[in-house]
Structure formats: structure tokens, C-alpha cells
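Chain naming here is simple, since letters A, B, ... match the order of the sequence lines and numbering starts at 1 in each.
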Amino acid sequence: MEKTYDPSQIEASWYQSWEESGFFAPSGDGTAYCIAIPPPNVTGSLHMGHAFQHTLMDTLIRFKRMQGHNTLWQVGTDHAGIATQMVVERQLLAEGISRHDLGREKFLEKVWQWKTDSGGAITSQIRRMGSSVDWSRERFTMDAGLSNAVQEVFIQLYEEKLIYRGQRLVNWDPKLHTAISDLEVISEEEAGHMWHIQYDLVDGSGSLIVATTRPETMLGDSAVAVHPDDKRYKHLIGKEINLPLSGRTIPIIADEYVDPEFGTGCVKITPAHDFNDYEVGKRHNLPLINIFTVDATLNDNAPETYRGLDRFEARKQVVKDLEAAGLLIKVAEHTLKVPRGDRSGVVVEPYLTDQWYVAVESLAKPAIEAVENGDIEFVPKNWENTYFAWMRDIQDWCISRQLWWGHRIPAWYDEQGKVYVGRSEDEVRSKHQLRPEVKLKQDADVLDTWFSSALWTFSTLGWPEKTKELETFHPTNVLVTGFDIIFFWVARMIMMTLKFTGEVPFKQVYITGLIRDEDGQKMSKSKGNVLDPLDLIDGIELEALVAKRTQSLMQPEMAKKIAQVTRKQFPQGIPAFGTDALRFTICSLASTGRDIRFDMSRAEGYRNFCNKIWNAARYVLMNTENEDCGLNPEDDIELSVADRWIISRLQQAEQSVISALDSYRFDHAAQAIYEFTWNEYCDWYLELSKPILTADTSVSSIAAKRGTRRTLVKVLETLLRLSHPIMPFISEEIWQRVAPLAGIANSKDSSIMLQPYPVPEQSKINVNAIADIEWIKGVIIGIRNIRGEMDIAPGKKLPVYFSHGSTEDKTRLDNYRNFLLTLAKLDDITWLEQTEQAPTSATQLVGDMEIHVPMAGLIDKDAEINRLNKEIEKLSRELTRVKDKLNNPNFTDKAPEAVVAKEKQKLEAAASAKSALEEKLQALRVL
RNA sequence: AGGCGCGUAGCUCAGUUGGUUAGAGCACCACCUUGACAUGGUGGGGGUCAGCAGUUCGAGUCUGCUCGUGCCUACCA
């Protein structure tokens, strides 16, 4: 093996080998365990959020697979209607073509082409993450099977009147020319103005001042509203006013909606261009005057001078004209929430159109109950509140989009506009007995992308067919996703799946936090702080990183700043950490219920951890390959205290990892593996194995060497299996070499990923061995402490004396002398009986036993006095604290006996340690 | 306006049902290239657990308030 772990060397081939061997497919044995991947955009690329979620899902899947479950990780991609269509349209635009120039059919061909060309990127990136998804079952939301499911669902909902067509105000995106759902509108505060406009009464008896943030919409006003109880305006209710600029007269109406405290207490009512005004208009039977075209330019309902103007141009013109007419009373600075389309970024208009809706109320009810009664459980649980809050106030879902890329709505219209819904035009004709001369035209719209996503767990398993997969793997076990799509996706999945399968889509929902950069900022292209998981795996040069981050920015003027920041943050570029280190980092950061700041230094630390495992394996192989590892049951085997100890600790580590993974505490699982591997196996066990393996057979028998080799190999082999779900590549690479030494037959078609997951055995935990090793560690650490504090060279061999020891200490010394000599680098240990006096020394305590390192030329008296003083002071502080506690009758009376006993023990230990050290101090002082 | 979080070492974070002297990694200081590993070893320094009050024998942990901070939902023209 190479001296240094190099992920690029080992990660390249394993994935392909696993995939080709069909290891990712369900085994067919055991209880089913299934995760449906949140389908990424087919033409997208992997970002940190994916890397994060995929790591967690793969860890679960590999864990369950090794535990013997029949696991399926269902993979697939989403057609991502608007996003994909926009990309292709942008490409066409670069050639000077619009989609309308091409026509629907040709355009769709282009999109499919683009999907074929670029759709492989995301799937190959998923592979790089090591994700053990079943590629043989890969699905796409627009493939035939899923499209069929979409159609069936649409038709059934329509027939049950749960899908309907209606005319109402929707959020209209004037750039994309489509309706979007409430969820796709992002409202953020922006600086704007509040214009105060004077509307004169028709009878000339006075005027009203109306305050508005959108003066241009006054061209579509149908009324002015005041609060019915507002004394200032009560007498004006029912009167008519002259609407400036448009020559119309509109009434003054009274409506509770108006807040008399806000603005002037008079509100202009524009039912066709404001959601609230729309409701007011309905209550008062006001006419809807639509003044916008689909582009949000002014249409023929506006006075002639404004026609054709863009809405913002029109606003300027209206303000100017009002000013000229002396009707503009005041302009005030005003911050307001501006609704923008999440894809286009342009201001969305409330716009009156015909759209298709899902009536969600009856679907929402069982979906709420499923979470209330625990059929579906959110992890962490507090997300259930978010879910309930939204579901209990859910609005009908606008599912039609005026796009071309997507599932076409299976509805046809005759020339009278009558709607027929069915699987095809033929079916519609025969079902409704339409004569051939009746002309039918299919609805031009497509469905919201999330409509097909909502069917994901069951449509991918073959629904509406009653497939074996559906029966076996549905409901799926857990959905791993971000909180940002709880409404978009999770809630809608729950509703649709309950409706069509009678089952929940998943039993648990694990909600991950958002991945942020080191400064806690959201990663975004426009901020130039995006980390590409592939760059963390493979590494990237600074110049390439800068180029990548500054390429094709929406705001090119940001490029300079982004380059600057990037150069400062990554002066050396990003080193290659490898997939395993990235995955381990992700797991260790994945504590529940909070966002994650991605910290590069953590990744570096875990890359080092991989190197540590790698080198531990080198050591083990070096000592076991071509050696007798005790596999022959005929041979005598002797296990050392270290062997028994590490086996005990391994059981405990296994238990920790398993219970952590069972409760989605990936951070705890990672930590347990890290600590066991580094702090116990490497730091202590490997060191303890050295004296056994190198000693003369008169000191360490053949059977003992065998036992230690066997333990070295077996523990490592188990540790690899324990780590495999988090670190699939390095564990496989090393396992292939180690497994035969551990007596596990492996061949080319075998893999660690098919091996059983470790099962802790209580009977293998040896408490005596644990106590003995603690003693050994205590002695060694005590001596090392003296070395460190006294500046004694680490290589310098020391003589030491033990005094005031018990018979147990004596036995341990007799048994473990060799460990102590080697690990503490001693040349001799002298046991002193109670009556014997140690030479002048630096002293450490292990329990009541004293360890003495003679000063003789090595140790500075004053330094030792200082060190003792420091220790004694520490003990004094503790003594005071414990004494106070025990002197408090409230404590001794009320605290549980065990707690009190513990405190008493503490008191005794501290007191005796303190007096022992004080004695030493005294002795030194009189010297 | 409502809701949900967060605030623990210089930084990023753990800390189960309240119970040793509050932990880890990175960073820092000193010493060390010893035969797995300098992507390493050994030793060490560093925290008023945001603040205040309360409950309790005992609070990082429970309650209330305050401050700071992040997000979500709904919105007043």
C-alpha cells in the first residue's frame, strides 16, 4: 500500500465494479427498505444540497442493506418544466430564435435533445458521490410510465370534481407568460414610493386623497373604498368621484377591509389587478377592468395615451400626468413587499385567466391526519408544526402552466368551449359520442412540474399497475429532503399518495438543514460562493475556481469582487479531499434541526482521518500478511488484555453507531467511528500490540502473538464494515485485502457492501480488561505528563518507582510491565513496599499508587514544585466544592443515594491525592 | 403581525430523561522526523454555556423576561 492515502487512486474503479455487479439492486431477501430519491432536475448539476442529502440516504441504504434488508434506493430525474424550458429558450435566443419561431413540436424536440445531451451530467455526479441507487430502475418524470400515471391521476381527480377549471386571479409571470402557484412567488421588501393622489367628487363638493404604491393601476380602478365606521368619510359613501386620467366615474364604497389607521383611510379598488381588491370587488359587484396584456404592457382598456406602454413606463407617465393636473398631493418613501417569480425574477402580476386547479381541501384532511396520528413522522419533529400550519390554511392549487415542456393537460375543447377530459382524443370522442365533424382542440397548457413529482413514490414503482415492487416497497421508509420543499413537494406527495394508494408515501421525513458557506451565507451563483461537491472531491486550482465562479453571471459587475473574495479564501485553490472524506464531513456536520455551515477545515480533518485509517491498515497488513493470524481452530490462541479490551470497546462502538444511525444522528455515528478508530484503536491498541508482536517468544508466546494478530485483523475488518455506510470506497479498498486475513472468503464478485453489518455482543465486553487498560493508560499518561511538563526528551529512557500501591497494583505491574516499559519508554520499574522510600522524584498519582520519576539530573526541582502546586490547587478547589455539597443537608437528604455516594468517593479520592502531593511538595521544599 | 430556530473555546459544532472538574475537530504554544501515519506523535493553554430573574439540594439542560441573530408564513393600499 502507498504510504499516503490517495482517494483518486482508489475511488475510480469501485463504483463501476459495484454497479456492473448489480449490487445496488434489491437482494430480494429480508424485509423491504426503500428510499425514493428526490428527483434532481434532469439537466441540472449536483450542488452541496444534493451531496448532503445523497450522502445521508446512501449511508442509510448501505446500512440497511448490510443489515440484511431488501433495499431499494429508487432513482430518477425530474423534467423541471419551467427551469428546463428556460434554459433551452435561452440557448435558442442566442441564435436569435424564439420558441414560437420553431413551433411547439420542433421546440419540444429541441428540449428532448438537450435532455439527452446534458441529462447525463447529474447522473454521473450522483455516481461520483458513491450513491448506491438502483440504476436499472431509473425513471424520468416524463417517461411513458410516469406520464401515464399523471394522466390517470388527472382524469380521476377531474371525474371526482377535485380538479376543475376556473377563471380567477392568478400570479402571472409577464416574462414567462405563465401562471405560477403561490409558492413560486417570492416576496421581498424593496424600496418604493407611496403616492398620494387626489380624486375629486363628481358633485364638486370636495375630494378624497388615495394612497397607493402602484399608481398605474388606477387606470383599472372600479371604486374607492373607506371603512364603514370612518367618521371622516361616512357621509361620502355612495357618492361618485371622477377617476383622474381616464374620464370614468367610480363609486365610493364602504368595506371592512379598509384600515382607517393606514395611509389616508381611502383605498383605490382595482379588482383585476390586486388579490384583496378582487375580493372587495366581488362583494360589491364591481366591474373587473383588466388593463394589462400578457406582457404587462397596457392594453386597450387603458386610455389611449398609455396603450402599449410597459407597466413601469406607464407608472412614470401616470405620475407625471397627475402632477401636471395638480392631483399629485404627496410622494413618500415607502418600503413594500414586491412579489417576484422565483424563476424569472420579474415582478408578478395578479392577472385574470382561466386555469386548472386542484381542490385540495378534501385531500388535505387525511394528509393532516396521517401526521397527527403518527403514520408519518417528521424528523426533527418541530417541522410538523410548519406542515400543519400550511395544510390547515391551504389554498387550491393552480396546476396549469402556459408552457410547452411538461405533461400536457388531457383535456379537449369543442368549438363551443365545452371541456372533455380523457386519455386521448379518440377516447374522448367515443366516450361522449362526438360526431367526426365536431372539431376538438387539446388544451395547450401543461401541468405544474410538482404535479408529477407528487406521485413520485408510487409512480416510480409502477402504479397504476399493481406491480410486485409497489407491493414490496411502498410505502417507502424515509424521505430525506430540505425544508424548502415541504410545501412544494412533501405535502403534495402525502395528499396524492394517500388519495391514490390509500397509503402514506413514506413513514418518516428527515428534514435537512440548508448548506451554507463558511460565513453562514446561502450558497448562490450570484454571490459567487458556491462550492461544487465535485471540486471538494477532486480538488480545483485557484484559477479554474475563479473562472468557474465568475462565469455567466447575471450581474457581470460582481465578477471582480467574487474573484477577489475567492482568491482570498482559497489562495491555494481547493485540495482534493475525496468522496469518503466529503461524506464523512457531511455526516459529522449533520446534526438535526439546524443549517450547516460548510467548514473546509473539517473536511481537511476528515481527509486526515481517512489517511489515519489507511495507515493503520498498512500497519496491520505489515504485521499480518503471510503471518499466522490464528485462523486455524486447532492452534492455541491467547488474547492479551489489550486484545480483550479493544474487542470490548469495539462492541460499545458498534452499539453507538447503530443506535445513532437508527435515530438519524449521522453526526454521532461519525463521531463514534472517529473516536474509536483514532483514540482507541490507533492511539492505544496498535501501540499495545507492538510489544507483543516484537517481544521475544519467551516474553510473548506464539499463542499470544497469534491472538494479537487475529485481533488486529478482526477488529480492523469489523471497523471497516462499521464505517462502510459512511465511507464506502476506502472501506472497500482496504477490506478486500484484510478480509482474507480475517478468514472471510472474498473473491472478485464479493464486496464489503454485501457483508453483514456488525452486531455488538454483550458477552464480548470484558469489564476487567477495560479496567486494566485504564490503569495502564493512567500510568503511561502520568509518566508522559511528567516528561512533557519537565521537558524530558521523549526518547530518553527513564527509570521509575511505584510506591503506596495495592496488591492489585502489584499484580497489574507484574502482568503488564512490558506494556509500560515500551509505551512509556522506561528502562526499569521498581516496586517499593510500604516501608521503602522513593528517591527524590517528580510524582504522579494513579489512584492511591504513586509513580516516581527520579530527578537525578533530569528534573528541575522548582519546575516540579510548580507542577505540584498547580495540581494541589486544582484538588483544593475540587475539595471545597465537594465538601460544601456534602455539608449541605438538603443535598444529602434529597439527592439520590448514588449521587451522594459518588460525591463522597470523590471527596476521599481528592483528599488523599491532595495529601499525598502535599507530602511530596514538603519533601522537595526541605531539600 | 404570527410561527419556528439559534446564541457553548479564536472558528465550526456536540452536550440524551437536570447529577464528576462542560467535550470534539480545526486554530494556538512547547517538544519530537520513534519502524503505520508530519494528512503524524506527546504534553499544554484556552469557556461567567448571550444577559437577568425563577424552579430545584443541584441548571449549559426546565420556566419567564430581555438582548442579539437567522428563517418561514401572512400581509396595509
B:rG58 OP1/OP2 closer than 4.0 Å to side-chain N/O of A:K894: no
Inter-nucleotide C1' distance (B:rG60, B:rG23), Å rounded: 12 Å
Options B:rU12, B:rC31, B:rA36, nucleotide nearest the side-chain atoms of A:E687: B:rA36
C1' atoms of B:rC11 and B:rG54, separation to the nearest Å: 34 Å
Sugar-phosphate only, base, or nothing, as touched by A:E878 at under 4.0 Å among non-hydrogen atoms: base
Minimum-distance nucleotide to A:F487 side chain [options: B:rA36, B:rC26, B:rU73]: B:rU73
Ring-ring centroid check A:Y510 A:F666, cutoff 6.0 Å: yes
A:N611 side-chain proximity, nearest of B:rA14, B:rG19, B:rC37: B:rC37
Sugar-phosphate only, base, or nothing, as touched by A:R881 at under 4.0 Å among non-hydrogen atoms: sugar-phosphate
A:E908/A:K906 salt bridge by N-O under 4.0 Å criterion: no
Protein-nucleotide distance (A:I730, atom CD1; B:rC37, atom C1'), rounded to Å: 12 Å
Sugar-phosphate only, base, or nothing, as touched by A:D484 at under 4.0 Å among non-hydrogen atoms: nothing
Whole-angstrom distance between B:rC13 and B:rA27, as gauged at atom C1': 14 Å
Pair assignment for B:rU34, Watson-Crick or G-U wobble, requiring both distances under 3.5 Å: none
Touch class at under 4.0 angstrom, heavy-atom based, for A:R784 against every strand present: sugar-phosphate
P-based separation of B:rG19 from B:rU66 [nearest Å]: 28 Å
Shortest side-chain distance from A:H334, nucleotide among B:rG44, B:rA77, B:rC37: B:rA77
Pairwise 5' ranking along RNA chain B for A:R665 and A:G605, keeping only the more 5' one: A:R665
Rounded P spacing from B:rG44 to B:rC6 in Å: 34 Å
Salt-bridge criterion met for A:E878 and A:K914 (N-O under 4.0 Å): no
Sugar-phosphate only, base, or nothing, as touched by A:A389 at under 4.0 Å among non-hydrogen atoms: nothing
A:W678 side-chain N/O to B:rG41 phosphate OP1/OP2 under 4.0 Å: yes
Whole-angstrom distance between B:rU20 and B:rA59, as gauged at atom P: 12 Å
Sugar-phosphate, base or nothing in reach of A:N382, heavy atoms under 4.0 Å: sugar-phosphate
A:C682 side-chain proximity, nearest of B:rG25, B:rA36, B:rU12: B:rA36
Nucleotide forming a Watson-Crick or wobble pair with B:rA74, both distances under 3.5 Å: none
Closest nucleotide among B:rG70, B:rU39, B:rC37 to the A:T4 side chain: B:rU39
Touch class at under 4.0 angstrom, heavy-atom based, for A:L686 against every strand present: base
Distance between C1' atoms of B:rG46 and B:rG25 (Å, rounded): 15 Å
Nearest-nucleotide comparison on RNA chain B, the residue closer to the 5′ end among A:M622 and A:V210: A:M622
salt_bridge(A:R709, A:E627) N-O dist < 4.0 Å: yes
Phosphate-side-chain proximity, A:N785 and B:rU42, N/O vs OP1/OP2 below 4.0 Å: no
Option among A:R784, A:K870, A:R867 that satisfies the salt bridge (charged side-chain N to carboxylate O under 4.0 Å, His left out) test with A:E789: A:K870
Integer angstrom distance from the P of B:rG45 to that of B:rA50: 24 Å
No-H, no-angle donor-acceptor pair, A:R597 side chain to B:rU12 base, under 3.5 Å: no
Phosphate contact (B:rA74 OP1 or OP2) by A:K337 side-chain N/O below 4.0 Å: no
Which nucleotide in B:rG40, B:rG43, B:rC72 has an atom nearest any side-chain atom of A:E789: B:rG43
B:rA77 OP1/OP2 closer than 4.0 Å to side-chain N/O of A:T212: no
Pairwise side-chain contact, A:W195 with A:H193, heavy-atom cut-off 4.5 Å (strictly under): yes
Nucleotide of B:rA77, B:rA36, B:rU39 approaching A:K612 most closely (side-chain heavy atoms): B:rA36
For B:rC6, the Watson-Crick or wobble counterpart (both distances under 3.5 Å): B:rG68
Short N-O contact, A:D599 and A:R597, less than 4.0 angstrom: no
Touch class at under 4.0 angstrom, heavy-atom based, for A:F609 against every strand present: nothing
Per A:V267 side chain, nearest of listed nucleotides B:rC72, B:rA14, B:rA77: B:rA77
Out of B:rA36, B:rA30, B:rC32, whichever nucleotide has its closest atom nearest the side chain of A:K690: B:rA36
Sugar-phosphate only, base, or nothing, as touched by A:P896 at under 4.0 Å among non-hydrogen atoms: base
Centroid-centroid distance, A:F52 to A:F598, less than 6.0 Å: no
B:rG40 OP1/OP2 closer than 4.0 Å to side-chain N/O of A:N608: yes
